Amino acid sequence: MATMVNLSAPSGVVVQPPQLKHQDWRSCSANAVRLVANAGSRQWCSSPSSSGRRVFGVRCEGGQRVGFLGRLGRVIKEKAKSDIQLLFSGFSKTRENLAVVDELLTYWNLDESESILDELEEVLLVSDFGPKTALKIVDTIRKDILAGRLKSGPQIKEALKKNIFKLLTERVTTTELQLGNSRPAVLMIVGVNGGGKTTTLGKLANRFKKEGVKVLMAAGDTFRAAAGEQLEVWAQRTGSEIVMAEGPKPRPAAVLSQAVRRAVEEDFDVVLCDTSGRLHTNYNLMEELRGCKRAVSKALSSAPNEVLLVLDGTTGLNMLAQAREFNQVIGVTGFILTKLDGTARGGCVVSVVDELSIPVKFVGVGEGIDDLQPFDAQSFVDALFP
Ligand SMILES: Nc1nc2c(ncn2[C@@H]2O[C@H](COP(=O)(O)OP(=O)(O)OP(=O)(O)O)[C@@H](O)[C@H]2O)c(=O)[nH]1
Ligand SMILES: [Mg+2]
């Protein structure tokens, strides 16, 4: 029997281990706690002892709780600021439009500030910032000019960048994945057709697997004939398990619920639920999605931990309508912006975050398995205004 150390007891007190039903010795990172096993309502973790022997039952409570899933969200979000060019290489069109801002501000003077601000608003509109957001940005700058806080072109450009950064960050909750405190964490990937849901799910699985996480995929796209096989390829590439649809007319809700139940029984860390692409304007399909979420919650009350809406970065302002509708129907917890390596339309992202106060959590920058990066608002703004 291994040694037990109860951290809530005086140091060194040795206690008996609970019956750990689902033990798992996966390593989540080199020095990190190596196991989280649910024993009743308590979370018991283990780590290697200094002698290299494994020590069971390091109890993680209150301030000392080492939340495996919480930490995982942070690890997954590590930043990639150095790679701005790769991250947002698709912003060339938006950047081209916004280059006019530099010209406008070079000739800025107080007497002409009204007409220049009008032109600035035009430029923002052309760059896919929605009307409300463009007006809001220009109004804030106007106030600062009138109050004498902005006195030169470069100051106005800096203020413009700061305002956009603020809109992307001020009212949103964290951009880290929120995976809860108990396993499995369940993530649903939703969105319109062809946005990149399945590819993103595969990339996410790859990120999780790199952290030593036990991943179960759920082939919830029962509509498109080849969707299951597509996901199966991603499961093989990433070494994940998968629950496939069965029978002649499988229901997506049943597939997802089966996957969540299996994940609980077999002690998976994360369930990634793929769903069919659907138009946000199609009532029946949106109701079906609501049913999927309900089924997942029924299988595990804490699920889903995240509902991630995939937005195709090249679609422009239509993404605002998509985001509104998906959020209203199932409650979106984060966005994943894909295809930022294509001809992405940067401005509308600001409008979506501004209007819905939901964070962008990741960006897709290619079709490859590693082409998923955590979203970083400062890099985003720097990419728009180099
Ligand atoms: N360039 C680029 N292509 C991407 C990116 N993400 C996905 N794709 C491509 O977009 C196409 C559609 O991707 P899928 O993952 O099948 O999209 P989906 O949303 O699952 O599609 P449906 O299930 O049919 O609704 C594929 O060719 C992907 O390789 C990205 O970040 N950049
Ligand atoms: Mg798909």
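Atoms within each ligand, like the ligands themselves, are counted from 1 in listed order. Here the structure is a predicted model, which is why all the values come from computation and not from measurement.
L125 and I137 are members of different hydrophobic clusters when ILVMFWY side chains are connected at heavy-atom separations under 4.5 Å.
Proximity of L179 to L187: side-chain heavy atoms (C-beta onward) are separated by under 4.5 Å at one or more points. Within the 4.5 Å cutoff, the side chain of D370 has heavy atoms near those of the N206 side chain. By the 4.5 Å heavy-atom criterion applied to side chains, K361 and L177 are counted as neighbours. Looking at R345 and M319, their side chains never come closer than 4.5 Å, going by heavy atoms from C-beta outward.
Using a 4.0 angstrom heavy-atom cutoff, D371 does not count as in contact with ligand 1. Using 4.0 Å as the threshold, A227 has no heavy atom nearer than that to any atom of ligand 1. Put simply, part of Q230 is less than 4.0 Å from ligand 1, judged by heavy atoms. For G191, the heavy-atom gap to ligand 1 stays at 4.0 angstrom or more.
Considering both main-chain and side-chain atoms, T200 never comes within under 3.5 Å of ligand 1 through any nitrogen or oxygen pair. Of the N or O atoms in G194, one or more lie within a sub-3.5 Å distance of an N or O in ligand 1. Residue D341 has at least one nitrogen or oxygen atom sitting less than 3.5 Å from a nitrogen or oxygen atom of ligand 1, judged on distance alone.
Without hydrogens or angle criteria, K157 side chain to L105 main chain gives no donor-acceptor distance under 3.5 Å. Side-chain atoms of K203 come within 3.5 Å of backbone N or O of D371 as a donor-acceptor pair. Side chain of D269 to main chain of P184: no donor-acceptor pair is present (N/O by atom type, distance under 3.5 Å, no hydrogens or angles).
The contact set between ligand 1 and N193, taken as ligand atoms under 4.0 Å from a residue heavy atom, comprises 25 (O). Close approach of ligand 1 to G277 (heavy-atom distance below 4.0 Å) involves ligand atoms 25 (O). Each of the atoms 23 (O) of ligand 1 lies under 4.0 Å from some heavy atom of D221. For ligand 1 and V365, the ligand atoms under 4.0 Å from any heavy atom of the residue are 31 (O).
Of all protein heavy atoms, the one lying nearest to atom 17 (O) of ligand 1 is G196 N, 3.0 Å. At the shortest separation from atom 8 (N) of ligand 1 among protein heavy atoms lies K339 CE, 3.9 Å.
Of the candidates D144, I145, V138, I145 is the only one forming a side chain to side chain contact (heavy atoms under 4.5 Å, CB included) with I141.
If you check each of K203, E367, R224, K197 against atom 4 (C) of ligand 1, the one with the closest non-hydrogen atom is E367. When the options G364, A226, G366 are ranked by their closest heavy atom to atom 5 (C) of ligand 1, first place goes to G366.
For K136 against R171, the heavy-atom pair with the smallest separation is NZ-NH2, 3.8 Å. Between C273 and V186 the shortest heavy-atom distance is SG-CG1, 3.9 Å.
Note on T198: counted as a metal contact of the Mg ion (ligand 2), an N/O/S atom lying under 2.8 Å.
If you look at T199 next to ligand 1, the close heavy atoms, those under 4.0 Å, come from the backbone and the side chain alike.
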